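Read the structure below first, then the notes.
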Amino acid sequence: MTLLLGASELESLVDRDAALEAVARAFAEIADGGAHQPGPTSMATPGDTGRFILMAAVSDAAGLAGVKLLADVPDNAERDLPTQRSMILIVDRADGAPVALLHGRVPTRVRTAAASAVATRALAHDDSRSLGLLGAGALAREHVRALRTVRPFERLTVWSRSAATVARFAADVERSGDWDGEIVAASSPREVVDASDVVCTLTPSVEPILSGAWLRPGQHLNVVGARPRPDEREVDGAALARSSVWVDDRATAETKSGDLLLAVAEGALTLDDVVGTLGEVLTGRVRGRAGHDEITLFDSVGIGAQDVAVAAVLLDAAHERGIGTRVDLNA
């Protein structure tokens with residue numbers, strides 16, 4: 001039987017602590033060779049601006065293989081529709097039987113924030129107390145939930161192009177109990193950077209909104225929000241040039257990260273300057289933070305192994321609680 005899980009069902013199944021540890025294990029498993037993470041396939045025709053991206057992985061530890069089809073359709077903004085939609089197909093690692101089909105919104109949001117939390121735990125200095133967010137949407141709220149578990153943040157500084165969005169974000173995280181410290185609504189991205197030990201960029205910006213000239217010693221950046229396209233980015237080349245850079249997956253970053261590829265094209269750094277992957281840090285194959293004053297940057301494009309890892313956690317919870325629709329696809 002194949003389990004079908006919709007977005008609202010998946011919301012009820014989220015265990016963020018379990019998701020964080022599953023994503024950390026997935027990164028380590030890739031580095032150890034127990035999972036295979038190919039580079040993504042991006043498909044398009046000249047008919048419009050949409051791209052259709054396949055993100056796949058297979059994991060020995062989870063006993064699963066999976067592929068997500070991400071429809072990245074910027075024109076949907078004019079239609080008042082989500083600009084990114086996805087579905088995740090999971091099959092059994094041993095016999096290939098279809099295990100589940102999941103709506104991609106919840107797993108993607110949760111695994112993206114979990115990856116930032118894993119990177120922050122591995123790379124940010126231990127005495128980080130202030131968190132800054134560029135962006136104040138659903139992904140920002142998820143980052144607050146995830147990152148507050150890995151560092152004792154006391155102050156949250158948030159910027160968005162819309163002051164109303166920031167006000168709504170602040171009310172949401174306070175009402176839900178996801179944040180009980182100070183919240184500052186910033187008037188500019190620079191104000192966020194100036195105020196924060198850890199900064200997360202969480203916008204679909206196509207041009208830099210963060211300048212490397214603003215960075216100060218010891219900061220950690222999670223660069224997350226830009227679409228997986230080689231010509232779109234949130235931070236400028238100077239930000240990467242001033243930082244030690246780690247990626248989620250080299251093949252993915254070297255084809256889909258505009259933040260990295262545009263910086264390389266400008267001569268700010270080379271691909272060989274990337275220290276390594278986050279999984280290589282977790283398994284001791286490459287170094288992590290070298291000192292308190294080093295600026296560290298995690299370039300998070302998103303990989304299929306994260307989807308499979310979080311899907312496995314969600315599926316375990318669904319089976320335990322009897323949630324979802326079971327369909328016999330062989331009938």
Side-chain angles (χ1 to χ4, degrees), residues 23-24 27-28 30-31 37 39-40 112-125 128 132 134 143 147 150 189 192-193 196-203 205 207-303 305-306:
V23 167
F27 280 127
I30 295 168
Q37 169 61 62
T112 302
S116 294
V118 172
T120 301
R121 185 169 65 182
L123 299 172
H125 55 70
S128 297
L134 299 181
H143 271 70
L147 269 69
V150 298
V192 173
V193 176
S196 305
D197 298 320
V198 174
V199 178
C200 303
T201 63
L202 306 168
T203 75
S205 182
E207 298 291 342
I209 56 172
L210 184 152
S211 169
W214 305 339
L215 300 178
R216 56 180 169 78
Q219 287 182 304
H220 172 71
L221 282 73
N222 296 305
V223 177
V224 179
R227 292 184 177 89
R229 300 187 178 203
D231 58 350
E232 299 184 10
R233 62 179 173 177
E234 294 182 289
V235 305
D236 66 6
L240 277 80
R242 294 193 61 196
S243 305
S244 296
V245 178
W246 290 262
V247 298
D248 45 16
D249 175 71
R250 283 190 180 272
T252 301
E254 291 174 4
T255 56
K256 296 291 176 287
S257 171
D259 291 288
L260 176 62
L261 293 172
L262 291 170
V264 169
E266 294 166 354
L269 78 168
T270 70
L271 293 177
D272 289 338
D273 290 324
V274 173
V275 179
T277 68
L278 185 53
E280 289 169 338
V281 176
L282 299 178
T283 58
R285 288 172 169 79
V286 303
R287 70 171 182 85
R289 171 176 287 274
H292 191 276
D293 288 343
E294 183 177 29
I295 300 171
T296 56
L297 186 152
F298 173 55
D299 183 18
S300 176
V301 184
I303 56 177
Q306 297 168 328

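All values reported here derive from a predicted model rather than from experimental measurement.
Residues Val193 and Leu210 have side chains in contact (heavy-atom distance under 4.5 Å, counting atoms from C-beta outward). Between Asp249 and Val301, the closest side-chain pair of non-hydrogen atoms is not below 4.5 Å.
A donor-acceptor pair under 3.5 Å is formed between the side chain of Glu234 and the backbone N or O of Thr203. Side-chain atoms of Asp236 never come within 3.5 Å of backbone atoms of Ser211 as a donor-acceptor pair (strictly under, hydrogens ignored).
Between Phe298 and Phe27, the two ring planes are perpendicular [angle over 60°; tilted spans 30° to 60°].
Listed by first then second residue, pairs satisfying salt bridge (charged side-chain N to carboxylate O under 4.0 Å, His left out) with a partner in residues 280-293 read Asp32-Arg285, Arg287-Glu294, not counting sequence neighbours. Pairs of residues two or more places apart, or lying in two chains, that qualify as salt bridge (charged side-chain N to carboxylate O under 4.0 Å, His left out) and include a residue from residues 258-270 are Arg233-Glu266.
The line from OG1 of Thr277 to CG of Asp248 is 9.0 Å long, rounded to the nearest 0.5 Å.
Residues Val23 and Ala114 share a closest heavy-atom pair of CG2-CB, 3.9 Å. Considering all non-hydrogen atoms of both residues, Ala115 and Leu278 come closest at O-CD2, 4.1 Å. Among all heavy-atom pairs drawn from Val192 and Gly132, the shortest one is CG1-CA, 3.6 Å.
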Side chain to side chain donor-acceptor pair (under 3.5 Å) between Thr120 and Asn222: does it pass, once the steps are laid out? CA-CA 8 Å; Thr120 301; Asn222 296 305; 3.0 Å; yes

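Under 4.0 Å is where a charged nitrogen must lie from a carboxylate oxygen, and between Arg216 and Asp197 at least one such pair does.
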